[in-house]
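In what follows, chains carry the letters A, B, and so on, assigned in the order in which the sequence lines appear, proteins first and then strands, with residues in each chain numbered from 1.
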Protein chains: 2
Amino acid sequence: MAATDTRAQIVEAADQLFYERGFEHTSFADIAAQVQISRGNFYYHFRTKDEILDAVIRQRLENTQAMLDDWEAEGAGPAERITSFIQILIVNQSKIMAFGCPVGTLTSELAKLGHPSQAGAAGLFSLFRHWLARQFALMGHEAADADRLALHLLARSQGVATLASALRDPAFVEGEVQEMCSWLAAQTSSCLQ
Amino acid sequence: MAATDTRAQIVEAADQLFYERGFEHTSFADIAAQVQISRGNFYYHFRTKDEILDAVIRQRLENTQAMLDDWEAEGAGPAERITSFIQILIVNQSKIMAFGCPVGTLTSELAKLGHPSQAGAAGLFSLFRHWLARQFALMGHEAADADRLALHLLARSQGVATLASALRDPAFVEGEVQEMCSWLAAQTSSCLQ
DNA sequence: GACTTTCTCGGACAATTGTCCTAATCACGA
DNA sequence: TCGTGATTAGGACAATTGTCCGAGAAAGTC
């Protein structure tokens, strides 16, 4: 097996396990078992657990950016793109009800640990924030307003994710998503005036 | 020192440390150091770490209920009481920006651990949910609607807390709190019609 | 086929974890 | 003052943690 493959597999497994079990509660042994390599083999690819975390965060940043680029490339308008964002709550509903939002829960955990990579994880929020702000700007909102709306929507989806994993009630998630879509429509019409 | 005092001190220290560092990242040694008792002394008061967690959750349930009862006892109307709830985000702003919401972060962590006490921790949400729903009902909303509004407000405050600890931006928190108050006012007037 | 670099294995390491036991200390009534 | 039960201290325990080493297998080059 090529080294790059092994490395990629480690990052992939760590990404998944950090999400499902949390960073601290995931051990080298857990990742090794998932990838089916020996625990000692880690040292060749990653010297410390923090290095794995950094690699995971970097991969998430890349994947998220790619997803946002895809949405941007689609022909639809900014409002439809924002709807794609809101719909993540539906698309990933079962995982979110089990483990919460991957971005929110990781930053929360790292904040409590006082971990140096917390800023990096928070960068995932920035990606969404600026992408959403650009969409709102395209809808006709001025910069400061667009950023405010972006943060507002980000916060609401975070709240839905947190409560979804506590309540495990699909109807709640669907209801809140619908309300967010209505809210989005209101932001649209307020610009057409 | 009386045994009940020691026990209360352990629960108090554990409560604080579970919030600031997370349940898993807090060790017996950490709590013992905080309370200044020997590590071995724990076994007399609590047989397992899970027992401490249960005691912490029980205390939080009692404290929360007491806080809600206090708000209820105050002479103001339901809208003012709901405002008290929203204002927690301001009152506890610095702690929330550092460690997030104690309820949301604990339930998230326990969900990832697959911990049996997750349901107990989620009970904290139920306390707020039903209290808020009662306030909305007093404002004239019918039961199903009141519950929906309660969950909506709960989710929004959760989202603000999560994003607050990631961004650490007081202006964002204050802006969102103001928007929630405006939203609350709209719910009020919609009932007066 | 020989050689060198890249990669992997199994195990060792000190530290820390939650758990548990025993002996000593305390408070307090008889 | 003695004795009894409640409380505490200190340390032992097996298991697990992240980290690291050295021997060897695999892969690629000449």
| field | B:R81 with B:E74: basic N within carboxylate O range, under 4.0 Å | value | no
| Hey, quick one: are B:I90 and B:M97 part of the same hydrophobic cluster, counting side-chain heavy atoms closer than 4.5 Å, chains of contacts allowed? | no
| task | Could you pull out the closest heavy-atom pair between B:I52 and B:A14, with the gap in Å? | result | CG2-CB, 3.6 Å
| query | Taking for each residue the nucleotide of DNA chain D bearing the nearest heavy atom, is the 5' side occupied by B:G40 or by A:E24? | reply | B:G40
| Phosphate oxygens OP1/OP2 of C:dT17: is one of them under 4.0 Å from a side-chain N or O of B:S27? | yes
| message | Using OP1 and OP2 only, check whether a side-chain N or O of B:H45 sits under 4.0 Å from D:dT8. | response | yes
| message | From CZ of A:F42 over to C1' of D:dT16, roughly how many Å is that when rounded to an integer? | response | 15 Å
| field | Whole-Å gap separating P (C:dT17) and CD1 (B:I31) | value | 11 Å
| remark: From CZ of B:F46 across to P of D:dT8 the rounded distance in Å is 12 Å
| How close or far is atom P of D:dT8 from atom CZ of B:R39, stated in whole angstroms? | 17 Å
| request: Determine: side-chain N/O of A:S38 to OP1/OP2 of C:dG11, distance under 4.0 Å, yes or no. | output: no
| request: Measure the distance from CD1 on A:I37 to P on D:dA25 and round it to the nearest whole Å. | output: 19 Å
| Spacing between B:F28 atom CZ and D:dG10 atom P, to the nearest angstrom | 18 Å
| query | What integer distance in Å separates A:N41:CG from D:dC20:P? | reply | 15 Å
| query | Heavy-atom distance under 4.5 Å between the side chains of B:L163 and B:E176, does that happen here? | reply | no
| message | Using salt bridge (Lys or Arg N to Asp or Glu O under 4.0 Å), reason through A:E109 and B:K112 one step at a time and then give a plain yes or no. | response | CA-CA 11 Å; A:E109 182 179 2; B:K112 281 186 199 274; over 6 Å; no
| message | Can you tell me if A:T6 touches the phosphate of C:dC7, counting only side-chain N or O atoms and a distance under 4.0 Å to OP1 or OP2? | response | no
| task | Measure the distance from CD1 on B:I52 to P on C:dT17 and round it to the nearest whole Å. | result | 13 Å
| message | Under 4.0 Å from OP1 or OP2 of D:dT19: is there any side-chain N or O of A:Y43 that close? | response | no
| query | Would you say a side-chain N or O of A:Y44 is under 4.0 Å from OP1 or OP2 of C:dC7? | reply | yes
